[in-house]
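So that the names make sense, note that chain A is the first sequence line, chain B the second, and so on, each numbered from 1. All figures in this text were calculated on a predicted structure; none of them were measured in a lab.
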Protein chains: 2
Amino acid sequence: MATINDVARAAGVSPSTVSYVLSGRRPISAQTRERVQAAIAELGFHPHAGARALASSRTNVLALVVPLRTDVNVPVIMQFATAVVTASRTHNHDVLLLTKDEGTAGLERVAHSTMVDALIVMDVERDDVRIQALRRLKQPSVLIGLPEDPAGIVCVDLDFEAAAAEALRHLAWHGHRKVALVGPSPAVYKRGTTYAERFLTGFTIGSAELGLETMTHPCEPDREGVRACLADIDAQLPGVTALVVHNEEALRMVLEELQASGRRVPADISVVAVCPRDVALNMPLPLTSVDIPAHDVGGLAVATAMKLLDGRPTEPVRLLPPTLVERDSTAPPAVTAG
Amino acid sequence: MATINDVARAAGVSPSTVSYVLSGRRPISAQTRERVQAAIAELGFHPHAGARALASSRTNVLALVVPLRTDVNVPVIMQFATAVVTASRTHNHDVLLLTKDEGTAGLERVAHSTMVDALIVMDVERDDVRIQALRRLKQPSVLIGLPEDPAGIVCVDLDFEAAAAEALRHLAWHGHRKVALVGPSPAVYKRGTTYAERFLTGFTIGSAELGLETMTHPCEPDREGVRACLADIDAQLPGVTALVVHNEEALRMVLEELQASGRRVPADISVVAVCPRDVALNMPLPLTSVDIPAHDVGGLAVATAMKLLDGRPTEPVRLLPPTLVERDSTAPPAVTAG
DNA sequence: CCGCTTCGTCGAAGCGCTTCGACGGCCTCC
DNA sequence: GGAGGCCGTCGAAGCGCTTCGACGAAGCGG
């Protein structure tokens, strides 16, 4: 492997000049720069990451903590992860993958041993123990999600409260008065995953503001769970004309069960999904949906981390406004006798 | 941050002694070791990863290249990835996440800049350009998959040929004579993803050996694709009594379409799935399946990488034998007139 | 009791890079 | 036309760790 000294010799300059060509931290004449760059290309020089980290105390690596439990929606997690990786690359950073189950220890390990410049943490819970740990690190961190007390840590996420309100507004505008929320599985609520709670809050508030008759129901994402959920909804909110589904796994089954019970979407019942765009489009019929913009959130998380590293000012909490796209699963309610 | 010098001073020894306590490369008296360890604990010392990498030319980081395209089965990819991460941790390594779309450049970047000790590459295609690149690197690599010409690179994977044979053997043993393969989507074949081809090969050979009447059909994983696929199968292989499904996305829909067409599983038609265990168990009825042991394969990939790093001998290609577990979706064929 | 090995520890030399201060040479401005 | 600046480059000092050779002390056999 060529070193910076080899390059310097080949270009007839000093190592520090090569370094300055690379970093651009001092002016270098066009001539010299070209000679150096030619030497770099010819020797196939790549700076040694460890040496660089040692000398500059910058690693150009971000830690990304992902949950590995399977009761969260895996494809969505993966969308966030890939968004973070691609965004990091555009900022000339790489990504070190940590799993949530290493907990606090994993964060401290990579931070204390200076393996990463900053941390991005997904799937934070209401009062996640990891948050105090993050506060103590010298590296900045960005959460994807919104804990109870985010003081001192920057958070980015979709504004799930607004998302719920948006879904209800759309349905109300179509004339719906009786709307049910098919939520995530009970396990998700139990864990204190705040996006579920925030959506619920938004749903409740929106419902009150719009004067709707609503109910909410968690839903286990298997055939039985979906059936039970829909049955409960029919029992507790007879004449329901619209569903908001905040549960990717259950989505397809909800549609199938509605069909099985003889109800047509959207003629007999409207459905608004809360899910990534491609999920909404890959259903038997294209669903009206509030997008979960994993790509944007991931990109924003990385951009925010970069800001922090540069010492630029940053909003402590940044919630992206939801976008609802009307597709084929919503329509005005059927006019019924009664 | 405390350095090794701080620890040395606190323990009243030289820095090199601390280093030897940490690495165990030279004998250290129990007394000294304890004093050093106490100092380490007290100061919360973590060796600086960059400095360590620079001095030892070992980073204790593995690169993992995952596909980010969505036409592969995301949850399965994620299973591999988490398996690799957890296994790496047990070997005291971390994982740097690269995406396949950075291609050859990404591999070279992390290798040349000495960010990683070894590379693990998923989703290799028949004659993947990345393979030549890997051969040129000074770091060893392990492929999850099996390219055309694996010479010089170690590969691990499930033995998909044997898996197909195993599925057929099970069905033949039950007395089935007409069996169809519902394969991955055409895109997967087109890409030259070898596991699909290997399964197909095994299916064809097994079919001949067992004297079965079979056919194979790729399947687009949406409602229409599944319908078309099943219709083709019924047309081309009338009286088919069993299906082998090698397509996680389509699996649930296949079952539903069979039911919709009035066929009961396994009374009227048997189904063997090729998928991870948990997928087989989370279907409306527990499916007889050949497991895709993502966890084992990921773990093996890491273990193999460690072997290579230690200079221990390694089999060039290691294909894990498949395991078929009989559950509720297979039974002898119905006795019909004719 | 002497010389040889083994054990436990130290000191110093790097690993490859960044960065700070220094220093010529050139331009500019009065 | 000389003082003052800026531009472009160099040299050297580290960053924090590992590792090699060296060296006393202790243990052993003859």
Grab the [atom1]-[atom2] distance between [X] and [N] for me, whole Å please.
{"X": "A:Asn5", "N": "C:dC15", "atom1": "CG", "atom2": "C1'", "value": "11 Å"}
{"X": "A:Arg58", "N": "C:dG16", "atom1": "CZ", "atom2": "P", "value": "23 Å"}
{"X": "A:Arg26", "N": "D:dG8", "atom1": "CZ", "atom2": "P", "value": "12 Å"}
{"X": "B:Tyr20", "N": "C:dA12", "atom1": "OH", "atom2": "C1'", "value": "12 Å"}
{"X": "A:Phe45", "N": "C:dG16", "atom1": "CZ", "atom2": "C1'", "value": "8 Å"}
{"X": "B:Arg9", "N": "C:dC10", "atom1": "CZ", "atom2": "P", "value": "14 Å"}
{"X": "A:Gln31", "N": "D:dC7", "atom1": "CD", "atom2": "P", "value": "18 Å"}
{"X": "B:Asn60", "N": "D:dC17", "atom1": "CG", "atom2": "P", "value": "14 Å"}

Looking across every strand, which nucleic acid part, if any, lies under 4.0 Å from [X] by heavy atom: base, sugar-phosphate, or nothing?
{"X": "B:Val18", "result": "nothing"}
{"X": "B:Ser56", "result": "sugar-phosphate"}
{"X": "B:Thr3", "result": "sugar-phosphate"}
{"X": "B:Pro27", "result": "base"}
{"X": "B:Ser29", "result": "sugar-phosphate"}

If you take atom types as modelled and just measure distance, does the side chain of B:Ser16 reach the base of C:dG11 with a donor-acceptor pair under 3.5 Å?
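Side chain to base: pair present.
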For B:Ala51 and for B:Gly12, locate the closest nucleotide of DNA chain C by heavy-atom distance; then report the residue assigned to the nucleotide nearer the 5' terminus.
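Final value for this comparison: B:Gly12.
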Would you say that more than 12 heavy atoms from the other residues, nucleotides or ligands in this model lie under 6.0 Å from the CZ of A:Arg25, or not?
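Not more than 12 within 6.0 Å, no.
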Counting only heavy atoms not in B:His46 (residues, nucleotides, ligands), do more than 12 fall under 6.0 Å from its NE2?
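Yes, NE2 of B:His46 has more than 12 neighbouring heavy atoms, counting only those of other groups under 6.0 Å.
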With a 4.5 Å heavy-atom cut-off, do B:Val61 and A:Met115 have their side chains touching?
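A side-chain contact exists here, since the closest heavy-atom pair is under 4.5 Å.
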With heavy-atom distances below 4.5 Å as the criterion, would you say the side chains of B:Asn60 and B:Arg58 are in contact?
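They are in side-chain contact.
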Could you check whether A:Ser19 and A:Ser16, counting side-chain N and O atoms only, form a donor-acceptor pair closer than 3.5 Å?
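Note: A:Ser16 and A:Ser19 side chains miss the donor-acceptor criterion.
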Nearest to the side chain of A:Ile28, which nucleotide is it out of D:dC17, D:dG14, D:dT9?
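Of the options given, the side chain of A:Ile28 lies nearest D:dT9.
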Phosphate contact (D:dT18 OP1 or OP2) by B:Arg25 side-chain N/O below 4.0 Å
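False: B:Arg25 side-chain N/O out of range (4.0 Å or more) of D:dT18 OP1/OP2.
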Judged by each residue's nearest nucleotide on DNA chain D, which is more toward the 5′ side, B:Leu54 or B:Thr17?
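The answer here is B:Leu54.
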